[in-house]
Structure formats: C-alpha cells, structure tokens
Amino acid sequence: MEFLELKDFLDYKVEQYNKPNFITNDPICIPHRFSKKQDVEIAAFFAAILAWGQRKTIINKCTELFERMDNAPYDFMLQHSDDDLKGLLGFKHRTFNDTDLLYFISFFKFHYEQSDSLETAFLVPSKAVFREEYLEEIPVAAAGKGSKRYASAACMLPDLDRTPQTEQALNYFRSYFFSLPDFPRRTIKHVSSPLQKSTCKRLNMFLRWMVRKDNKGVDFGLWNTVQPADLICPCDVHVDRVARKLGMISRKQTDWQTAVELTKKLAEFDPADPVKYDFALFGLGVEEKF
C-alpha cells in the first residue's frame, strides 16, 4: 500500500477496535473492574505481566488472583498480614508462581509506602542507583581504549536524565523493581528490559494502558509525566506478523529494536500517538487473522 492508503486503512482499524466492546475479551478488562487509581495500576500491572497464553485463561487467572485479595489490591499491598499472604500460596499461571507473587507484593508495599502512583517507578532519577551484584564490566569504545562502564540486564547506566523515554524508563524500572534485598532470582525472568533485547511486550502494553488519553473508554490515561509520543508499540506475535505483511518491519529477528523500528514507522502516521495503531495491528491479527 502507498503511505496515505496505509494510513487511512490503519486509522479505520483503530476506530474499529479502540472501543469499549474490545475490553470484554481482553486482559484490560481486569483493571476496568476498579476505580481507585492505585487499584487500577496494580490490576493493570498483573494483567499485563500474566498476559501470555489464551486471553480467556489470563482473565480467569487474574480474577482468581484478585479474589484472593478480596478485590482490594491496593489495600492488600499496604495492610496485608502474614495470614493474608498464606492465602496467596498455590497461585500459578504458566511459570509465574507464588514465590514470584510474594515478591511482587513486597515490591508494591515498598513502593506505595513511598509514592501514591506507580508512575514514579518508571521515572529515571538523575543518578540511577543499581545493585553491585548485578554489575559486569563492559568496554566503552567511545570513551577511549581501556575505558569501561558497568551495566547488566538488571541495572541502569548512571547519569541518565529524567526524560521519560521508554527505553530508559524500562531499564530503570527493572533495576528498581529488583532493588529489594530478598528478591528471588527465579522472578527476574518475569520483568523484562531493553537491555535484555526483549521486545518488552507486556510492559509496553501496561504503559499504553496507563498513558494514552483519548476518551474512547479503553486505555486509562492515568499518568501525566510519561507522554503518548514516548511509548513503544507492544510487539507480540500478532502485531509482528501483521506489521511484516504490511511492510512496516524489515529487521529479521523480533527484539527491542524491532519494536522501536515499528514504532518509528507508526510515528510517521501520528507522531503524537503512534501506539494507538496497536489496536489496528492487534485487531487485524487476532480478530481478522490478517
């Protein structure tokens, strides 16, 4: 398709799928059951993290999880007792188990005791703090022969500014998420980052839900510092397949750079809100088997 033809086609599909009736069979229905901001954030985060497999199963497992929290996740995070935590034992979805869940609870308690929004967990401070046990030396060619900098899949490079660019935000978030002293090593696999070359599909989906503001009744638009123009398109198998068929991805593998390439292409259609086209690509892939 020519540029304008493709733009018109995708705009039409966005309008078709960015509607409340899209919610019913999608994991985003889980946070839509709540009204308090923090409940929505927590429900959305779990719905995104657990979003692999059949959508019906994802919705059922999230429903089970929040029933174990008496459908008051924010209160549960801050006020749970040891007996309340015992009520979470045995929860499992794919490779996510109760060990992972208990650490997630610890993180949310830690974070919400310091901040009233999960958005601050994605805002990179001027001096990023990371854990020494993650550090590994890597050469920095631009800095001259023999120069080194420290990095790993779970830490941030230092001295980044506070600009909420998504790549920096996701790298920082993973470091911050695993900053508590008792984190289980097995849980690391459930929170991805661009430093791992992951597409970060689940976290990008979560950010879309929290950031996009269009009053269509699907995405929440609760956050104000991270902007829609900063978002990266969630690149799952359906989006990836459709985008390739439409000639929007040239990269052979599917990784973080693939998601960035796709988002840059989508930004040609709407630089202020490129990720709205996730509705079009996902809908074409899942509903229309494009």
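All residue numbers refer to positions in the sequence shown, counting from 1.
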> Under 4.5 Å between any side-chain heavy atoms of L281 and L10, yes or no?
Replying inline: yes
>> So which atom in P274 and which in A229 form the shortest heavy-atom distance, rounded to 0.1 Å?
In response: CD-CA, 4.2 Å
>> Using every non-hydrogen atom in the two residues, find where W52 and I58 come nearest and quote the distance to one decimal.
In response: N-CD1, 3.5 Å
> How about N60 and K56: do any of their side-chain heavy atoms sit closer than 4.5 Å?
Replying inline: yes
>> Using 0.5 Å steps for rounding, measure from the CD1 atom of I59 to the CG atom of N25.
In response: 6.5 Å
> T57 and R94: side-chain donor and acceptor closer than 3.5 Å?
Replying inline: no
>> Please evaluate residues R174 and L170 with respect to the criterion side chain to side chain contact (heavy atoms under 4.5 Å, CB included), reporting the C-alpha separation (whole Å), side-chain torsions for both, the decisive distance (0.1 Å), and the verdict.
In response: CA-CA 6 Å; R174 189 169 190 260; L170 291 177; over 6 Å; no
> Do N204 and L231 come close enough that some side-chain heavy atom pair is under 4.5 Å?
Replying inline: no
> Are any non-hydrogen side-chain atoms of F66 and D39 less than 4.5 angstrom apart?
Replying inline: no
> Between atom CG of D98 and atom CG of L88, what is the distance when rounded to the nearest 0.5 Å?
Replying inline: 8.5 Å
>> Quick check: do M77 and I105 have side-chain heavy atoms less than 4.5 Å from each other?
In response: yes
> Is the CD atom of Q114 crowded by more than 12 outside heavy atoms at less than 6.0 Å?
Replying inline: yes
> How are the rings of W223 and F122 set to each other: parallel, tilted or perpendicular (split at 30° and 60°)?
Replying inline: tilted
> What residue pairs, at least two apart or across chains, pass salt bridge (charged side-chain N to carboxylate O under 4.0 Å, His left out) with a residue in residues 218-228?
Replying inline: R208-D219, R212-D219
>> For residues 13-30, which residue pairs pass the salt bridge (charged side-chain N to carboxylate O under 4.0 Å, His left out) check, not counting sequence neighbours?
In response: K13-E288, E15-K216, D26-R55
>> Is it the case that the side chains of E167 and Y172 hold a donor-acceptor pair, with the cut-off being a distance below 3.5 Å and no angle test?
In response: no
>> Between C233 and L266, does the side chain to side chain contact (heavy atoms under 4.5 Å, CB included) criterion hold? Intermediate values first, please.
In response: CA-CA 9 Å; C233 187; L266 298 175; 4.0 Å; yes
>> My understanding is that only residues two or more places apart in sequence, or in another chain, count here; which of them pass salt bridge (charged side-chain N to carboxylate O under 4.0 Å, His left out) with E113?
In response: K109
> Would the H111 and Y176 ring centres measure less than 6.0 Å apart?
Replying inline: yes
>> If I compare all heavy atoms of T254 with all of C235, which pair ends up nearest, and what's the gap?
In response: CG2-SG, 4.4 Å
>> Before we go on, tell me: are the rings of F269 and Y277 under 6.0 Å apart, centre to centre?
In response: yes
> side chain to side chain contact (heavy atoms under 4.5 Å, CB included) between N224 and K213: does it pass, once the steps are laid out?
Replying inline: CA-CA 9 Å; N224 296 310; K213 298 175 174 64; 3.2 Å; yes
>> I want to check something: taking the side chain as every heavy atom from C-beta on, are F173 and V191 in contact at a cut-off of under 4.5 Å?
In response: yes
> With side chains defined as the heavy atoms from C-beta onward, is the minimum distance between L123 and T225 less than 4.5 Å?
Replying inline: yes
> Between Y17 and Y12, does the ring centroid distance fall short of 6.0 Å?
Replying inline: no
> Of all heavy-atom pairs between L50 and L65, which one has the smallest distance, and what is that distance?
Replying inline: CD1-CD2, 4.5 Å
>> Checking K265 now: which residues fulfil salt bridge (charged side-chain N to carboxylate O under 4.0 Å, His left out) with it, not counting sequence neighbours?
In response: E268
>> F107 vs F45, test: ring pair (Phe, Tyr, Trp, His ring centres under 6.0 Å). Steps then yes/no.
In response: CA-CA 12 Å; F107 168 77; F45 189 83; 7.5 Å; no
> Aromatic ring centroids of F46 and F108 under 6.0 Å?
Replying inline: yes
>> Listing request: all side-chain hydrogen bond (donor to acceptor under 3.5 Å, both in side chains) pairs with a residue in residues 82-93, at least two apart in sequence or in separate chains.
In response: S81-D84
> What do you reckon, is NZ of K189 surrounded by more than 12 foreign heavy atoms closer than 6.0 Å?
Replying inline: yes
>> Can you confirm whether I49 sits close enough to L203 that some side-chain heavy atom of one is under 4.5 Å from a side-chain heavy atom of the other?
In response: yes
> For Y74, what residues pass the side-chain hydrogen bond (donor to acceptor under 3.5 Å, both in side chains) criterion, not counting sequence neighbours?
Replying inline: none
>> Any side-chain to backbone donor/acceptor pair from S175 onto N171? Under 3.5 Å, distance only.
In response: no
>> Go through it in stages, so that I can follow the logic: the residues are E119 and V211, the test is side chain to side chain contact (heavy atoms under 4.5 Å, CB included), and I'd like the CA-CA distance, side-chain angles, deciding distance and then a yes or no.
In response: CA-CA 9 Å; E119 182 176 19; V211 172; 5.9 Å; no
>> Around atom CG of N21, are there more than 12 heavy atoms from other residues, nucleotides or ligands closer than 6.0 Å?
In response: yes
>> With a 3.5 Å distance limit and no angle check, can you tell me whether D236 reaches the backbone of K201 through a side-chain donor-acceptor pair?
In response: no
>> Checking F76 now: which residues fulfil ring-ring contact (aromatic ring centres under 6.0 Å, His included) with it, not counting sequence neighbours?
In response: H80
> Can you tell me if CD on E2 sees more than 12 non-hydrogen neighbours from other groups inside 6.0 Å?
Replying inline: no
> For atom NZ of K197, is the number of surrounding heavy atoms from other residues, nucleotides or ligands below 6.0 Å larger than 12?
Replying inline: no
>> Is it the case that the ring center of Y103 lies less than 6.0 angstrom away from the ring center of F177?
In response: yes
> Can you name the residues that form a ring-ring contact (aromatic ring centres under 6.0 Å, His included) with F279, not counting sequence neighbours?
Replying inline: F22
> Would D100 and T187 count as having a side-chain donor-acceptor pair, cut-off 3.5 Å?
Replying inline: yes
> Going hydrophobic residue to hydrophobic residue with side-chain gaps under 4.5 angstrom, can you get from L246 over to V237?
Replying inline: no
>> I'd like to check the ring-ring contact (aromatic ring centres under 6.0 Å, His included) partners of W256; sequence neighbours left out, ordered by chain and number.
In response: none
Using atom types as modelled, flag every donor-acceptor pair under 3.5 Å from a side chain in residues 27-36 to any protein atom, sequence neighbours excluded.
residue : atom : partner : partner atom : Å
H32     : NE2  : V218    : O            : 2.7
R33     : NH1  : T63     : OG1          : 2.7
R33     : NH2  : T63     : OG1          : 3.3

>> As an exercise, state the distance from CD of Q38 to OG of S117, rounded to the nearest 0.5 Å.
In response: 7.5 Å
> Which atoms form the tightest heavy-atom contact between E67 and N71, and what is the distance?
Replying inline: N-OD1, 3.9 Å
>> Assess, by modelled atom type and distance only, whether the side chains of E261 and S250 contain a donor and an acceptor separated by less than 3.5 Å.
In response: yes
>> Quick one: does any side-chain atom of T120 pair with a main-chain N or O of S115 as donor and acceptor, under 3.5 Å?
In response: no
>> Between D255 and T258, do the side chains contain a donor N or O and an acceptor N or O under 3.5 Å apart?
In response: yes
>> Applying side-chain hydrogen bond (donor to acceptor under 3.5 Å, both in side chains), can you list everything that pairs with D270, at least two apart in sequence or on another chain?
In response: K276
>> Suppose we screen for side-chain hydrogen bond (donor to acceptor under 3.5 Å, both in side chains). Which residues come up paired with K245, at least two apart in sequence or across chains?
In response: none
